[in-house]
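Quick caveat, the model's predicted, so the values are computed rather than measured. In listed order, ligands and their atoms are each counted from 1. We use all heavy atoms of the structure for the numbers below, so side chains are in, but hydrogens, waters and symmetry mates are not.
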Amino acid sequence: MKADLHLHTTASDGRLEPQEIVSLAKRVGLDVIAITDHDTIDGVVPALAAASASQSLTVIPGVEINTDVARGEVHILGYFIDFTDRKLAATLQKLRDSRRERAQKMIAKLGKLGMKIDWQRVSELVKEGTVCRPHIAQALFEKGYVGSEKEAFDKYIGHNGPAYVERYKLLPVEAVKLILDAQGLPVLAHPADITDLDELVPKLKAAGLVGLEVYYGHYGTEIITRLAEIAKRYDLVPTGGTDYHAFGDGLEVDMGGVITPARSVEQLFAMASKRSLELLKQP
Ligand SMILES: [Zn+2]
Ligand SMILES: [Zn+2]
């Protein structure tokens, strides 16, 4: 079984439409994919529709929620979510609205610093997805205010930058609970860079975390071994995915380029069907 459980579409910051992601998945011979856009489930229904006639490809409805921690970012993946869940949709909408408002405030701050970028241009860069800081960085780069998108973060829009603005975010534990409430299976995404991983994992496990993304992007053997040990210690399913966005920059791993153990995929499916059976039994 070949699976890629971490894919982005134009519903967030990916470059391919959900339908195109499905076609590509078939072309590269995948059996299972998960659509995991940032703070949105808008890509799920089109992807499910595109794959509905396929005998060979299964699409897992998913999401990737960006959460707030003191240092860096923690992302929580949710698999097999009920994409009709109202609370999930409303919370994700609030997260996206706050991103847009934040982006507008940051553009105003940049204006006061003498860097004029248009909201319209930033919106164009987004296409259908969510406004993110990389879009603002790209707009600054286009106008020649910075030599690279990284410079935009380092000098202006990074955490301590003069044009940085806070936004509404969930704590990692809150994202885990939100996913559980929507019948989903929460998994900690790309955990290698999380500084206090040893403290975070038991906390999230207690809240209901079921998996750890052990196989990811460019992770090498050493990282994978360390993460696999953590997954084993806390009885978490070691999942895998590329985080493919179709950026076309030659830096990212191609779709299907990360080996996810078939056993892990089977475990997730078993958990999901157990959960739906439990729901059926509820009065
Ligand atoms: Zn992520
Ligand atoms: Zn991602």
Could you point out which residue of L7, I35, I21, V32 forms a side chain to side chain contact (heavy atoms under 4.5 Å, CB included) with V59?
I35
N-O pairing of D97 and K94 below 4.0 Å:
no
The angle formed at the Zn ion (ligand 2) by OD1 of D243 and NE2 of H8 is about (to 10 degrees) 90°
Restricting to N/O/S atoms, is H245 within less than 2.8 Å of the Zn ion (ligand 2) or not?
no
Any salt bridge linking E124 with R121? Criterion: basic side-chain nitrogen under 4.0 Å from a carboxylate oxygen.
yes
For the Zn ion (ligand 2), decide whether H38 has an N, O or S atom at a distance under 2.8 Å.
no
Atom name, H75 (N, O or S, nearest to the Zn ion (ligand 1))
ND1
For the residue pair I33 and L57, establish whether any side-chain heavy-atom pair is separated by less than 4.5 Å.
yes
With respect to the Zn ion (ligand 1), please indicate if H6 possesses an N, O or S atom at a distance under 2.8 Å.
no
Suppose we only allow N, O or S atoms; which atom of E64 ends up nearest to the Zn ion (ligand 2)?
OE1
Does the plane of the ring in H190 sit parallel, tilted or perpendicular to the ring in H75? Use 30° and 60° as the thresholds.
perpendicular
